[in-house]
Amino acid sequence: MPSALPDGDPAPADGSLPESALDALSGASFGFYVHVPFCRVRCGYCDFNTYTIPELGLHGASVDTYAEAAIAELDLAATVLGERTPEVSTVFVGGGTPTMLRPADLVRIVSGIQERFGLRPDAEVTTEANPDSVTPESLAALAAGGFTRVSLGMQSAVPHVLHTLERTHDPANVARAVAGARAAGLQVSVDLIYGTPGESLDDWRRSLEAAIDLEPDHISAYALVVEEGTKLAAQVRRGDVAAPDDDDEADKYELADALLTQAGLGWYEVSNWARSRDAWCRHNLAYWNGGNWWGVGPGAHSHVGGVRWWNVKHPNAYAARLASGASPAHARETLDEEQRYDERVLLGSRIVDGLPVTDLRPAGREAVAGLVADGLVEGPAAVRDRRLVLTRRGRLLADTVVHRLLSS
Amino acid sequence: MSPLARSALAPNATPPDLIRNFCIIAHIDHGKSTLADRMLQLTGVVDARAMRAQYLDRMDIERERGITIKSQAVRMPWAGRDAAGTETTYALNMIDTPGHVDFTYEVSRSLAACEGAVLLVDAAQGIEAQTLANLYLAMENDLTIIPVLNKIDLPAAQPEKYADELARLIGGDPEDCLRVSGKTGEGVEALLDTIVEKLPAPTGDPAAPARAMIFDSVYDTYRGVVTYVRVIDGNLNPRERILMMSTKATHELLEIGVISPEPVPSKGLGVGEVGYLITGVKDVRQSRVGDTVTNASRPASAALGGYRDPKPMVFSGLYPIDGSDYPVLRDALDKLKLNDAALVYEPETSAALGFGFRCGFLGLLHLEIVRERLEREFNLDLISTQPNVVYDVTLDDGSQVHVTNPSEFPDGKIAEVREPVVRATILAPSEFIGAIMELCQSRRGTLRGMDYLSEDRVEMRYTLPLAEIVFDFFDQLKSRTRGYASLDYEPDGDQAADLVKVDILLQGEQVDAFSAIVHKDKAYSYGVMMAGKLKDLIPRQQFEVPIQAAIGARIIARENIRAIRKDVLAKCYGGDISRKRKLLEKQKEGKKRMKMVGRVEVPQEAFIAALSSEDAPKAKK
């Protein structure tokens with residue numbers, strides 16, 4: 001079962017936004033997130049909003065009609081946002097498994113964005129992909145259709161770990177996918193997961209080394225979280241598998257940071273490393289920098305000028321809403337001053353450029369010295385650049401850091 | 001045989017020989033209140049429709065717990081027939097008694113107001129320890145006892161067996177034991193007749209200066225303190241000035257009357273009569289249970305015997321969970337005090353728990369009732385520290401320290417520590433003798449004697465340190481005897497004991513709320529238990545937190561809470577932000593409920609859980 005949506009205020013049927021939110025459009029980068037809610041099989045750890053074909057049944061949304069519904073939402077976005085929308089800087093197609101869609105459908109969606117909003121010449125257009133569901137041809141077709149970047153779900157190079165995660169791919173497929181993407185001229189990122197039950201530190205080292213050997217431009221590494229409602233959660237509850245251990249995950253994070261840094265991939269966000277600044281994922285950076293984006297697709301979240309909203313989760317309900325001309329938004333929240341500040345600290349502190357100390361309120365500024373003393377925040381950056389940059393230990397304890405910055 | 005009396009006798013003009021004063025001695029849920037209700041109905045004092053079930057128990061808590069905390073006295077008319085068959089109207093005063101161990105003194109005063117007692121025992125359960133204790137009190141007061149088996153309508157009733165048991169206890173023939181059902185009313189008329197017939201009439205000197213004993217004192221929001229008295233000698237009259245002989249305070253008698261079952265003002269109260277007084281005082285401390293009331297203009301030369309100041313036996317710190325509720329707690333205690341002469345408290349500050357009060361109680365039930373009333377009637381969320389008793393510590397230099405809070409226990413140079421002990425009576429089926437002995441031995445008890453009440457029921461008498469029973473003794477006793485044992489105890493002086501204070505330290509900082517005074521032999525297990533509990537309850541911090549249990553400077557147990565190394569949410573993308581921020585907002589609220597012990601953040605819940613007797617749930621790491 002996919003995770004529950006947050007609570008929020010009702011969203012208007014026409015999806016309209018307050019003037020104050022629209023005013024913010026011109027001041028920041030603008031992007032699209034496109035959520036493709038399909039998977040061939042559901043992995044045991046995953047709580048994302050995704051469905052297998054049998055789960056969807058015969059009626060309503062399907063892989064074949066998805067692009068149509070997405071484009072209908074683009075029309076709605078054009079109406080709601082109006083003329084003030086800047087050209088699109090980034091597009092990110094995630095899932096689910098976006099490559100469950102035909103490349104032509106993915107390209108149609110990108111073209112739909114281009115036609116309605118315009119894409120900046122340097123736009124970053126990413127799709128996530130399952131190493132099993134891409135071919136050199138499909139990757140070339142994506143590149144030709146405007147995609148610039150592919151993010152491959154590698155997760156691990158160790159068979160028993162992949163088995164526990166219920167990932168179906170053959171580790172060798174990852175290398176083939178990377179080669180295909182590279183040949184097509186796409187930037188390549190690979191995703192890894194650490195902390196899977198049964199994964200040893202050596203297993204993790206092997207996965208890191210395998211990922212590094214692929215020479216991607218970018219690597220994301222995420223600690224496994226046992227999400228409520230997943231099959232994995234049930235297994236942990238029954239005691240069939242051990243719950244991930246924070247200390248073990250901390251060891252693995254430290255190993256990842258050390259090996260990746262050594263391999264020339266520098267961290268730029270808590271869970272992201274890149275070969276150079278050019279390889280940073282600009283779409284994701286916009287999340288942490290308070291950028292504006294429209295999330296297309298079932299369960300997708302959007303943010304424009306301090307209004308956050310999220311779509312209905314089920315693909316059928318989503319398609320039905322759009323077919324009737326209504327906004328698929330399920331609920332929204334309008335952030336107040338306090339919430340904006342909390343988010344600014346929460347998100348801004350995650351990136352390597354750091355949060356300007358001057359953005360902090362007096363109580364937060366007073367906390368910085370203590371955080372430096374405790375080895376959670378880089379001293380030189382705080383003193384010299386007036387920026388709050390987390391140390392490796394601080395990145396692992398980012399929650400503590402945020403609490404200390406926000407507690408008055 | 002007797003119907004209702006045709007006309008009730010007027011107070012202040014009732015000859016003593018037409019008065020019968022009695023109380024009902026019974027265990028919780030042996031049906032005292034139901035029987036009392038039935039009597040009120042039969043005597044016409046309350047009609048069936050107006051009958052609120054268990055009329056006499058006023059407070060909600062009492063009704064829920066099926067116990068009576070405060071006694072009341074109801075005057076009921078009853079027509080009795082003498083041997084010649086002549087019908088005479090009598091005035092029966094039924095004095096309700098508190099039924100629990102903590103209120104022994106109040107019980108003794110209620111008994112002292114009576115000439116007789118109805119010993120009411122559930123025909124399916126037999127006599128319980130508290131009833132037995134009150135029966136002893138009644139017999140010491142020379143009361144005439146009328147044994148009654150109740151609930152004879154129950155299929156499980158064994159009236160023969162328990163009639164035998166009662167006959168053995170009080171002497172007499174099992175056949176003399178009345179059988180009633182408060183529920184159906186069967187046998188209740190006969191009981192009222194027996195009261196008239198068997199109980200002696202009160203005696204006293206009508207010409208002497210008035211002497212009336214206060215057996216209860218209740219604060220009423222509208223009327224101030226309502227004082228219940230039994231007149232021994234003389235007369236009390238409206239508008240006269242009265243003198244409280246222990247406090248020497250004089251008050252004007254604003255109202256005097258009888259309860260029937262609502263207050264009815266009268267022209268006064270004479271010898272043998274039971275009624276109420278209102279003087280306009282606002283605090284029950286000005287009208288104390290056991291005190292003697294006399295006429296201010298013509299005071300009696302000697303007070304009636306038996307007056308005693310209420311003495312708190314058990315202490316506990318009460319703290320509001322939300323620190324800003326402190327003034328509410330203070331006002332609430334001030335209000336409760338008006339109605340509870342035994343409640344004492346003084347402000348106290350705990351480094352761990354903030355501002356609160358150290359409160360003294362008659363016993364555990366008293367503590368629980370006060371705590372529950374504070375929570376329920378004043379909407380307070382409270383933490384109470386582990387109950388402790390009072391210790392008298394003599395130092396090597398001969399100076400004395402009276403310790404009501406373990407954290408005040410002096411360090412080192414101690415010549416002697418004395419702790420209160422109680423005389424406990426336990427009644428149980430004989431198959432549990434072994435289990436009870438084991439429990440009492442583990443609680444430093446000394447067996448004083450054992451008697452069989454019947455073939456399979458036994459009375460065991462122990463001397464136990466009060467400290468050993470204030471925690472979970474009663475729960476343990478119940479669980480080891482499958483609920484069959486009953487317990488009663490009364491203070492029995494003090495004894496010297498090998499006691500030490502165990503402190504709990506978090507990262508070297510003493511947590512005052514967890515200090516405990518325990519017997520030397522149990523210090524280690526207390527230390528290990530508490531350190532282990534806290535290890536599970538306190539979330540990991542950024543740094544390692546040692547938890548130590550110490551006697552003075554000597555560490556007797558140690559645990560470590562390892563430093564937390566990771567709390568970051570690895571994935572925080574567009575769809576995660578709202579969820580994460582909401583979590584953060586929740587955690588910020590939670591932080592407000594954190595208490596700092598040095599640098600260690602301890603959630604309020606950890607204190608509550610550590611102070612409760614149940615097994616602590618594991619903290620979320």
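Reckoned from all heavy atoms, side chains included, excluding hydrogens, waters and symmetry mates. In what follows, every chain begins at residue 1, and chains take the letters A, B, ... in the order their sequences are listed.
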message: Looking only at the side chains, is there a donor atom on one of B:Gln542 and B:Arg565 sitting less than 3.5 Å from an acceptor on the other?
response: no
query: Which bit of B:Gln541 comes within less than 4.5 Å of chain A, counting heavy atoms only: side chain, backbone, both or neither?
result: neither
- prompt: Under a 4.5 Å heavy-atom cut-off, does chain B meet the side chain of A:Leu346, its backbone, both or neither?
  reply: side chain
task: Assign the ring pair B:Tyr345 / B:Phe357 to parallel, tilted or perpendicular, where the plane angle (0 to 90°) is split at 30° and 60°.
output: perpendicular
task: Before accepting this row, confirm whether a basic side-chain N of the pair A:Asp342/B:Arg581 lies closer than 4.0 Å to the acidic partner's carboxylate O.
output: no
query: Would a distance-only check, ignoring hydrogens and angles, find a side-chain to backbone donor-acceptor pair under 3.5 Å from A:Thr391 to A:Gly394?
result: yes
task: Counting only heavy atoms closer than 4.5 Å, note whether A:Arg395 contacts chain B via side chain, backbone, both or neither.
output: backbone
Side chain, backbone, both or neither of A:Gln339 within contact of chain B (heavy atoms, under 4.5 Å): both
task: Under 4.5 Å heavy-atom distance to chain B, tell me which part of A:Asp251 shows up: side chain, backbone, both or neither.
output: both
query: Does A:Trp293 use its side chain to pair, donor to acceptor, with the backbone of A:Tyr33 at less than 3.5 Å?
result: no
- prompt: So what's closer than 4.5 Å to chain B heavy atoms on A:Leu347: side chain, backbone, both or neither?
  reply: side chain
field: Between A:Leu224, A:Asn284, A:Val270, the one whose heavy-atom pairs under 4.5 Å with chain B are most numerous
entry: A:Asn284
- prompt: Which bit of B:Lys582 is near chain A, if near means a heavy-atom gap under 4.5 Å: side chain, backbone, both or neither?
  reply: side chain
message: At a 4.5 Å cut-off on heavy atoms, which part of A:Val402 comes close to chain B: side chain, backbone, both, or neither?
response: side chain
- prompt: Of A:His35, A:His330, A:Glu73, A:His301, which meets side chain to side chain contact (heavy atoms under 4.5 Å, CB included) against A:Asn311?
  reply: A:Glu73
field: Stacked cation flag B:Lys501 on B:Phe409, 6.0 angstrom / 45 deg
entry: no
